[in-house]
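Please read these numbers as outputs of a predicted model, since none were measured by experiment.
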There are 2 protein chains.
Amino acid sequence: MDRKVAMPDSLRRFKADIFQALAHPTRIAIIELLANGELSAGELIAKLGMEQANVSQHLAVLRTKQLVVNRKAGNQVFYAVRDPIIIKVLALMRRYFQKNLKGALELLNEIDNMPADSGR
Amino acid sequence: MDRKVAMPDSLRRFKADIFQALAHPTRIAIIELLANGELSAGELIAKLGMEQANVSQHLAVLRTKQLVVNRKAGNQVFYAVRDPIIIKVLALMRRYFQKNLKGALELLNEIDNMPADSGR
DNA sequence: ATACTATATTCGAAGGATCGAATATTCAAA
DNA sequence: TTTGAATATTCGATCCTTCGAATATAGTAT
């Protein structure tokens, strides 16, 4: 009785770390952009339409957590998703979103516009 | 050229939010404990061996992001995972961990013991 | 009503994440 | 070897998260 949970904490910390790496809209966008093959940092920056430094920082996070690998080619650095399982995870999340679309949208609105009552 | 990424940002924010909810070892432990069916908050607290308030706070996060549902029964509150897809996501993560065990352990060690220079 | 058990919420401190600005590095081309 | 392009890193401000302690709420039993 009171048998503690089985998996060692280090493993859970590992998983949490991966989720943490995915827990930002920009980093999700990066992974999704890389789902069809590698892209250079510059291409990512262009497609995301964000600050160079900021994208580079997010790439650093993904690199550190080893979700992406990079390959230097002359002036440029090409990024790719390291393991397709991560893409499968995102695909599952897409299904989750579709299934729970209704509640999800409500959730988004609550989070987004926090004014008491605007339109509608 | 320079065609921005397709998915609206709100969807990516939604996904990021879910990952954020999973981005903590305790919350992963909770979901894994709930994988086989509902448990009361008290049972979760006992199995986790953590502060009552802390577990309750983590449950609040999971509730807010709608990853779990709860059912009141007299004195107690029973929690359950709302959509089995989330359990599948964790299962995929388990596979990911097994596949990348080697690098994962190194990563854990690096993060854990950050001594300036022991071996080498 | 009072007391007890189960759970949730609030608070404040400490640490972690994110951003743009500025700067550094690296490679290639002139 | 200077210049320029592509990418990375550092810095500091601001915000978000997490924790335990304390407190609140809700249900049950006396």
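- Between B/L39 atom CG and C/dA6 atom P there is a gap of 15 Å when expressed in whole angstrom units.
- Residue B/H58 places none of its side-chain N or O atoms closer than 4.0 Å to OP1 or OP2 of D/dT17.
- Note on B/E32 versus B/K47: no salt bridge recorded, every NZ/NE/NH1/NH2 to OD/OE distance being 4.0 Å or above.
- Using a 4.5 Å heavy-atom cutoff, the side chains of B/F19 and A/M93 are in contact.
- Residue A/R63 places at least one side-chain N or O closer than 4.0 Å to OP1 or OP2 of D/dT9.
- One N or O donor and one acceptor, one from the side chain of B/Q57 and one from the base of C/dT10, sit under 3.5 Å apart.
- Separating the CD atom of B/E51 from the P atom of C/dA8 is a distance of 15 Å, rounded to the nearest angstrom.
- Closest of all the heavy-atom pairs between A/L22 and A/I31 is CD2-CG1, 4.2 Å.
- Nearest-nucleotide positions on DNA chain C place A/R27 closer to the 5' end than the other of A/N75 and A/R27.
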_Candidate pair B/Y79 and B/R63, rule side-chain hydrogen bond (donor to acceptor under 3.5 Å, both in side chains), full reasoning_ = CA-CA 9 Å; B/Y79 282 89; B/R63 242 186 299 123; 3.2 Å; yes
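- You'll find that the side chain of B/N54 is closest to D/dC19, out of C/dA6, D/dC19, C/dA21.
- Taking atom CZ of residue B/F78 and atom C1' of nucleotide D/dA26, one finds them 16 Å apart after rounding to whole Å.
- Heavy-atom distances to DNA chain D give each of B/Q20 and A/A41 a nearest nucleotide, and the one nearer the 5′ end belongs to A/A41.
- The base of C/dA6 does not come close enough to the side chain of B/Q52 for any donor and acceptor atom to sit less than 3.5 Å apart.
- Look at B/Y79 and you won't find any side-chain N or O under 4.0 angstrom from OP1 or OP2 of C/dA6.
- If you measure from atom CG of B/L22 to atom P of D/dT17, you get 14 Å, rounded to the nearest angstrom.
- In this entry the distance linking CD of B/E43 with C1' of C/dT7 reads 14 Å, nearest Å.
- Between the CZ atom of A/F19 and the C1' atom of C/dA17 there is a distance of 19 Å, given to the nearest Å.
- Remark: C1' of D/dA8 and CD of A/Q76 are 15 Å apart, rounded to the nearest angstrom.
- Separating the CG atom of B/L59 from the P atom of C/dA8 is a distance of 6 Å, rounded to the nearest angstrom.
- Closest approach of A/A29 and A/L48 over heavy atoms only: CB-CD2, 3.6 Å.
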